[in-house]
There are 2 protein chains.
Amino acid sequence: MNIGEVADRAGLPAKTIRYYEDIGLVKPPRDANGYRAFRESDLHKLAFLARARALGFSIEDCRVLVGLYQDDHRASADVKRVAEEHLTRIDEKIAQLQGMRDTLATLVHACHGDDRPDCPILKDLAEGR
Amino acid sequence: MNIGEVADRAGLPAKTIRYYEDIGLVKPPRDANGYRAFRESDLHKLAFLARARALGFSIEDCRVLVGLYQDDHRASADVKRVAEEHLTRIDEKIAQLQGMRDTLATLVHACHGDDRPDCPILKDLAEGR
DNA sequence: CTTTACCTTCCCATGACTGGAACCCCCATA
DNA sequence: TATGGGGGTTCCAGTCATGGGAAGGTAAAG
């Protein structure tokens, strides 16, 4: 399989797949012409990576998860711990964004949005309440 | 005022303030010794920037907001539009994270987290449901 | 005078790609 | 056989908003 087909089937840009090879996440063999010759197992791993990334796992988390996935003697507790830590980070992020959102929504609501210069948004930014 | 004092009072790292000068957000004059000599107005602008950044506005948004802030003939509609667009982006981000969070929470909940290898988290990543 | 605490510029690194240049390779059609 | 198009390859640079650290100049304190 060439990179284009793998990209289509894994749902990743070819550029990203090359990058993943660069950082050692996949190691496809090469054809005589220098083209990457992906095996089914490479495709499978890339699809795994695509889904892990879609859940927001970092590349380093992905590396760990792939490692656990390939380890028949893994303990599910190790997987769970990685996922829980990631969940915590996501919750923190959401809380932070929610805070911004609330402040911003209040300010936007208070702003007339007309052709006059008076603006509670700028007022807040300038004075810090 | 030297950069250290401004950093303390604006709540920004000195590094960040130098960067803001680099990209033209502030233009403090210099003393004879080459030190930046911040005026009250520079401090004020940096505090404005710190608050705008804390609300998640991009640097380019900040540039626009500072411009509007300094324009006595601004229309508050322009400010409101920038803020509304940012609010929309934040909402999208929150929705995206919320989606990840829900999936992840379900998976974490389903995982025993013991010393055996069976793991619904890895199963999901491998099979895509 | 020496130490300590600033300040300066400069370059490199982050995360996870993305874009583009310059080049090679394979196949089909005129 | 030429040529055109659509693959593939490497390598370098850029993104965003900083942060780290080196090498060196300056100021204030003991």
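In this text, all values refer to a predicted model and were calculated from it rather than measured experimentally. To find a chain, count down the sequence lines: A is the first, B the second, and so on, and within it residues start at 1.
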For this session: Establish whether Ile94(A) and Met100(B) are linked, either directly or via other cluster members, by ILVMFWY side-chain heavy-atom contacts under 4.5 Å.
Result: yes
Exercise. CZ of Arg51(A) to CG of Leu65(A): how many Å apart, nearest 0.5 Å?
Worked result: 13.0 Å
For this session: State whether Asn33(B) places a side-chain N or O below 4.0 Å from either non-bridging phosphate oxygen (OP1 or OP2) of dA27(D).
Result: yes
Seminar exercise, completed: Which of dT9(D), dA27(D), dT18(D) is nearest the side chain of Tyr35(A)? It is dT9(D)
Problem set entry | For DNA chain C, the residues among residues 13-25 of chain A that have a non-hydrogen atom under 4.0 Å from it | Pro13(A), Lys15(A), Thr16(A), Tyr19(A), Tyr20(A)
Problem set entry | Any residue meeting ring-ring contact (aromatic ring centres under 6.0 Å, His included) with Phe38(B), in chain and number order, not counting sequence neighbours | none
For this session: Check whether any side-chain N or O of Asp31(A) sits under 3.5 Å from a backbone N or O of Asn33(A) as a donor-acceptor pair, and report yes or no.
Result: no
For this session: State which residues pass ring-ring contact (aromatic ring centres under 6.0 Å, His included) with Tyr20(A); sequence neighbours excluded, sorted by chain then number.
Result: none
For this session: Name all residues meeting the salt bridge (charged side-chain N to carboxylate O under 4.0 Å, His left out) criterion together with Arg53(A); count only those two or more places apart in sequence or in a different chain, and write none if there are none.
Result: none
Problem set entry | Asp114(A): partners by side-chain contact (heavy atoms from CB on, under 4.5 Å), with sequence neighbours left out | His112(A), Arg116(A), Ser76(B)
Exercise. Can you list, by residue number, the residues of residues 82-96 of chain B that have a non-hydrogen atom closer than 4.0 angstrom to DNA chain C?
Worked result: none
Exercise. Can you get from Phe48(A) to Leu25(A) by hopping between Ile, Leu, Val, Met, Phe, Trp and Tyr side chains that sit under 4.5 Å apart?
Worked result: yes
For this session: Could you check which residues of residues 60-70 of chain B get a heavy atom under 4.0 Å from DNA chain C? Sort them by number, please.
Result: none
Exercise. Does the side chain of Arg30(B) get closer than 4.0 angstrom to OP1 or OP2 of dT26(D) through an N or O atom?
Worked result: no
For this session: Provide the full list of side chain to side chain donor-acceptor pair (under 3.5 Å) pairs with a residue in residues 77-89 of chain A, sequence neighbours left out, each pair given once.
Result: Asp61(A)-Arg89(A)
Exercise. Partners of Arg18(B) by salt bridge (charged side-chain N to carboxylate O under 4.0 Å, His left out), sequence neighbours excluded?
Worked result: none
Problem set entry | Nucleotide dT9(D), atom P - distance to CG of Asp31(A) in whole Å | 10 Å
For this session: Report yes or no: do Tyr35(B) and Ile17(B) belong to one cluster of Ile/Leu/Val/Met/Phe/Trp/Tyr joined by side chain heavy-atom distances under 4.5 Å?
Result: no
Exercise. Going 5' to 3' on DNA chain C, which nucleotide is the first and which the last to come under 4.0 Å of a heavy atom in chain B?
Worked result: dC6(C) to dC10(C)
Seminar exercise, completed: Assign each of Arg53(B) and Phe38(A) the nucleotide of DNA chain D bearing its closest heavy atom; nearer the 5' end lies the nucleotide of Phe38(A)
Exercise. With sequence neighbours left out, what residues match Arg74(A) under side chain to side chain donor-acceptor pair (under 3.5 Å)?
Worked result: none
For this session: Could I get the full list of side-chain contact (heavy atoms from CB on, under 4.5 Å) partners for Ala105(A), not counting sequence neighbours?
Result: Arg101(A), Leu87(B)
Problem set entry | Nearest-angstrom distance from the residue atom CE of Met1(B) to P of dA27(D) | 19 Å
